[in-house]
Enquirer: 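What follows is a structure written as structure tokens; I'll ask about it next.
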Amino acid sequence: MKKFIDTIEDACKDFKYSELLYQYKRNLLDEMNDRACDVRQAGLTDESVVEDLILSEYPDIRGDYERYYAKEKQRKKEKLQHKLLVIGTPLLIIISVAVYIVQGILFDTWSGRWLMIVGTAFATSILCAFAGIRQILRLKKIFHLLARILNAGSVMLVAVFIFLLCGVTIGWSSTWPIIPGGVIALLILDLAFAFRTHQKFAMINTFIYIPAIFAMLYVILAASGVVTWGKGWALIFLGIAVDACLGIGILLNNAKYKYKQEVEDIWKEN
């Protein structure tokens, strides 16, 4: 055991003492002793050989500790964030309600001030959604659909809040394009999310989303008077044309990789 202790202490001598360092050294020593017992029970009796054999299984104690330290710090950070979400989310909403009531009583300004409650509720919901997305992305890809739903929900919450804010401040008649604009943002961010996380059907989503994005642009521009309803249809056909160009580009790129039977035969022989 003394040789194990000396080796561990020598490897960790440059690290600042902390509870994590002590815990790592304690766990590592226990693990080495357990392995040594297993080797002795297997019939190896020379103590020096046993110690050298066990130590050879741990060639990078310093690197192992650095990885252990980073992992534990991240775990504690996420645990703290989880506690803050659990405690802070309802607390922030309560505070926003209290501020709304107090300022309404003191200054008699109730109209539109309800947005502070809605904004706080939306913001805390988005934070919780991001925390959920981070946890889901650590699971198998079959669960990633839930992360994409949470991502889409977060985008729409932002769009709805901007819609309400603009409606209260500048009037409701000119704020409706924010909703189809939010749909465009949702589709673009979902595509980015799909490609970033290497989703299986990301390219199929692209072919579906591009015409939908151009259709939303057509509605926004036509209703705003930038283009006419009659001529604005060209935007939808433009989206279909972009889809077609993208598909042709993919086919041309895939055509470069030709199947050769002789190459497969050589691999099979090997």
Side-chain angles (χ1 to χ4, degrees), residues 15-16 18-28 30-31 60-98 115-165 178-179 181-210 212-213 216:
F15 294 120
K16 183 180 179 181
S18 65
E19 182 180 349
L20 282 178
L21 179 59
Y22 172 78
Q23 184 179 1
Y24 171 77
K25 292 193 293 186
R26 181 73 260 179
N27 292 341
L28 182 59
D30 291 342
E31 188 177 321
D60 188 19
I61 294 177
R62 288 179 59 87
D64 289 341
Y65 171 69
E66 289 173 349
R67 288 185 286 273
Y68 172 82
Y69 179 83
K71 185 177 180 180
E72 286 298 308
K73 292 293 285 186
Q74 182 64 25
R75 184 184 66 82
K76 289 186 175 182
K77 179 181 177 181
E78 291 179 0
K79 187 176 180 180
L80 177 61
Q81 290 174 347
H82 178 71
K83 287 182 179 179
L84 289 175
L85 280 176
V86 172
I87 299 172
T89 297
L91 185 61
L92 283 174
I93 295 176
I94 292 172
I95 292 174
S96 67
V97 173
L115 273 174
M116 68 176 67
I117 301 175
V118 175
T120 303
F122 281 12
T124 53
S125 298
I126 292 170
L127 288 175
C128 291
F130 284 164
I133 289 171
R134 185 172 57 190
Q135 295 297 324
I136 291 171
L137 290 180
R138 296 175 180 174
L139 304 176
K140 294 182 179 179
K141 283 193 174 182
I142 192 173
F143 298 104
H144 286 188
L145 177 61
L146 296 175
R148 294 177 69 176
I149 293 173
L150 289 175
N151 182 59
S154 299
V155 174
M156 289 312 298
L157 283 179
V158 173
V160 170
F161 180 74
I162 295 174
F163 171 76
L164 294 175
L165 179 63
I178 295 173
I179 298 302
V183 174
I184 293 175
L186 185 155
L187 296 177
I188 293 174
L189 290 176
D190 185 61
L191 273 183
F193 185 87
F195 280 103
R196 178 65 183 243
T197 55
H198 307 289
Q199 297 297 308
K200 198 171 185 179
F201 300 107
M203 188 52 66
I204 295 177
N205 292 145
T206 303
F207 288 119
I208 296 172
Y209 287 177
I210 288 177
I213 290 171
M216 291 295 104

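The chain is numbered in sequence order, starting from 1.
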Enquirer: Can you name the closest pair of heavy atoms from I136 and H144 and give their distance?
Expert: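 Heavy atoms of I136 and H144 come nearest at O-CD2, 3.8 Å.
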Enquirer: Which is it for Y65 and L28 under the side-chain contact (heavy atoms from CB on, under 4.5 Å) test, yes or no, and what are the steps along the way?
Expert: CA-CA 10 Å; Y65 171 69; L28 182 59; over 6 Å; no
Enquirer: Can you tell me how the ring of F161 sits relative to the ring of F122, calling it parallel under 30°, perpendicular over 60° and tilted otherwise?
Expert: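 Perpendicular: the ring planes of F161 and F122 meet at over 60°.
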Enquirer: What's the separation between atom CD1 in I210 and atom CG in L191, rounded to the nearest 0.5 Å?
Expert: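 That separation rounds to 7.5 Å.
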Enquirer: Verify the neighbour count for atom CD of E19: are there more than 12 heavy atoms of other residues, nucleotides or ligands below 6.0 Å?
Expert: no
Enquirer: Less than 4.5 Å apart, side chain to side chain, heavy atoms only: is that true for L164 and V160?
Expert: yes
Enquirer: Near Y22 OH, under 6.0 Å, is it more than 12 heavy atoms from other residues, nucleotides or ligands?
Expert: no
Enquirer: Do the side chain of N27 and the main chain of Q23 share a donor and acceptor less than 3.5 angstrom apart?
Expert: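 Flag set: sc N27 to bb Q23 pair under 3.5 Å.
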Enquirer: I want to check something: taking the side chain as every heavy atom from C-beta on, are L186 and Y209 in contact at a cut-off of under 4.5 Å?
Expert: no
Enquirer: From N205 CG over to R148 CZ, what is the distance, rounded to the nearest 0.5 angstrom?
Expert: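 The distance works out to 4.5 Å.
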Enquirer: What distance do N151 atom CG and L146 atom CG have between them, rounded to the nearest 0.5 Å?
Expert: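 So the CG of N151 and the CG of L146 are separated by 12.5 Å.
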Enquirer: Can you give me the closest heavy-atom contact between C128 and T89, atom names plus distance?
Expert: SG-OG1, 3.9 Å
Enquirer: How far does CG of L91 sit from CG of L84, to the nearest 0.5 angstrom?
Expert: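 Result: 10.5 Å between the selected atoms.
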Enquirer: Mind running side-chain contact (heavy atoms from CB on, under 4.5 Å) on F201 and I208 for me, showing each step along the way?
Expert: CA-CA 11 Å; F201 300 107; I208 296 172; over 6 Å; no
Enquirer: Tell me the closest heavy-atom pair linking L189 and V155, and the distance in Å.
Expert: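 It is CD1-CG2, 3.4 Å.
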Enquirer: Could you tell me if the side chain of L85 sits less than 4.5 Å from the side chain of Q81, heavy atoms only?
Expert: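 No, their side chains stay 4.5 Å or more apart.
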Enquirer: Counting heavy atoms not belonging to L80, are there more than 12 under 6.0 Å from its CG?
Expert: yes
Enquirer: Can R138 be said to sit on top of F143's aromatic six-ring, NZ or CZ under 6.0 Å from centre and within 45° of the ring axis?
Expert: no
Enquirer: Do L115 and L165 have side-chain heavy atoms sitting under 4.5 Å apart?
Expert: yes
Enquirer: Using a 4.5 Å cut-off on heavy atoms from C-beta on, say whether the side chain of Y68 contacts that of D64.
Expert: no
Enquirer: Whether E72 and R75 form a salt bridge (side-chain N of Lys/Arg under 4.0 Å from carboxylate O of Asp/Glu) is what I want to check.
Expert: yes
Enquirer: To the nearest 0.5 Å, how far apart are CG in L157 and CD1 in I162?
Expert: 11.0 Å
Enquirer: Which pair of non-hydrogen atoms, one from I126 and one from S154, has the smallest distance, and what is that distance?
Expert: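 In terms of heavy atoms, the two residues are closest at CD1-O, 3.9 Å.
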Enquirer: Just wondering, more than 12 heavy atoms not from K73 lying within 6.0 Å of its NZ?
Expert: no
Enquirer: Are F15 and L20 side-chain neighbours, meaning at least one heavy-atom pair lies under 4.5 Å?
Expert: no
Enquirer: Just how far is it from atom CD1 of I95 to atom CD1 of I117, taken to the nearest 0.5 Å?
Expert: 12.5 Å
Enquirer: Mind listing the closest non-hydrogen atom pair of I93 and S96 along with its distance?
Expert: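 Closest heavy-atom pair between I93 and S96: O-OG, 2.7 Å.
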Enquirer: If I compare all heavy atoms of I61 with all of Y24, which pair ends up nearest, and what's the gap?
Expert: O-OH, 3.2 Å
Enquirer: Does D60 reach the side chain of R67, with side-chain heavy atoms less than 4.5 Å apart?
Expert: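 Touching, per the 4.5 Å side-chain cut-off.
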